[in-house]
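Each remark here refers to the structure printed beneath this line.
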Amino acid sequence: TLDNNKQINVNDYFEYDLNSYQKGKVKYPFSNLSEGSHQLALKAWDINNNSNIVKVDFIVAKSEELALSHVLNYPNPFTTKTQFMLEFNTSCEQVKIKIEIFTITGKVVKTITRNIYVSGYRENNIEWDGKDDYGDKLAKGVYIYRVTVVDSNNKKAEKIEKLVILN
């Protein structure tokens, strides 16, 4: 159900996950959505007739520019490892993610690069062990990191955040 009023049958857009009778994916091509906030409520049943409803709020933006939001690392501060999380306004395509860790004086000490196919709008599987590009553990302190995302059309978005290493 879109915006609590338009019901859509998405059976033809559902694909089961291999080796599971309880999981799958729906890829529905929405078009002509008005700019602004929307809510999608998806109700699904398994083969045992158990059902569940999941609601997702999303925003349709007028701009076609790549946007990056909710950039963070957790835990922060950290001692042995942290995980980077970010959201962007593109889905179902290949993106390049680059995370550069800088000292407070601006020296790049670590670069993490991932080429991934995103099926959703969030990436949260980028883990870092607190070591530099040479495999040495970084000293405790405050560091700056820059996240850059480039989509398949070469559109680019960047955000800068801080992280703290505790030893």
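Annotation: K110, atom NZ; neighbour count of heavy atoms from other residues, nucleotides and ligands within 6.0 Å is above 12. Counting heavy-atom neighbours within 6.0 Å of K98 NZ, excluding the residue itself, gives a total of 12 or less.
D17 contributes no side-chain N or O that, together with a main-chain N or O of S20, makes up a donor-acceptor pair within less than 3.5 Å. A donor-acceptor pair is defined here as one N or O able to donate and one able to accept, closer than 3.5 Å; such a pair exists between the side chain of W128 and the backbone of K131. The backbone N or O of N153 lies less than 3.5 Å from a partner atom in the side chain of D151, making a donor-acceptor pair. Not a single donor-acceptor pair under 3.5 Å links the side chain of N73 to the backbone N or O of N76. Using a distance-only test at 3.5 Å, with no hydrogens or angles considered, a donor-acceptor pair links the side chain of E123 to the main chain of N125. Judged purely by atom type and a 3.5 angstrom limit, T82 uses its side chain to pair as donor or acceptor with the backbone of P75. Judged by distance alone, with hydrogens and angles left aside, the side-chain atoms of D3 form no donor-acceptor pair with the main-chain N or O of N5 at under 3.5 Å.
Evaluated for a side chain to side chain contact (heavy atoms under 4.5 Å, CB included) with I144, the options I104, T103, T105 yield exactly one hit, I104.
Tracing side-chain contacts under 4.5 Å through hydrophobic residues (I, L, V, M, F, W, Y), one never reaches Y145 starting from V164; they form parts of separate clusters. Criterion: ILVMFWY side-chain heavy atoms under 4.5 Å apart, direct or through other members. Under it, L42 and I8 are part of a common hydrophobic cluster. Cluster membership check: I160 does not share its hydrophobic cluster with L72, using side-chain heavy-atom separations under 4.5 Å among Ile, Leu, Val, Met, Phe, Trp and Tyr. V142 and L138 fall into different hydrophobic clusters, where Ile, Leu, Val, Met, Phe, Trp and Tyr residues are linked whenever their side-chain heavy atoms come under 4.5 Å apart, directly or through other members. Linking Ile, Leu, Val, Met, Phe, Trp and Tyr whenever their side-chain heavy atoms come within less than 4.5 Å leaves L166 and L163 in two separate clusters.
In this structure, OG1 on T111 lies 10.0 Å from CD1 on I99, to the nearest 0.5 angstrom. With rounding to the nearest 0.5 angstrom, the CD1 atom of I165 is 12.0 Å from the NZ atom of K140. Separating the OG atom in S152 from the CD atom in Q94 is a distance of 8.5 Å, to the nearest 0.5 Å.
Residues that satisfy the salt bridge (charged side-chain N to carboxylate O under 4.0 Å, His left out) test with K137, not counting sequence neighbours, are absent from this structure.
For F30 and Y28, the ring centers are positioned less than 6.0 Å apart. The distance between the ring centers of Y74 and F84 does not fall below 6.0 angstrom.
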Intermediate values then yes/no, salt bridge (charged side-chain N to carboxylate O under 4.0 Å, His left out), E15 and K25
CA-CA 5 Å; E15 180 181 315; K25 296 178 187 174; 6.0 Å; no
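Nearest heavy atoms, L68 versus V147: CD2-O, 3.7 Å.
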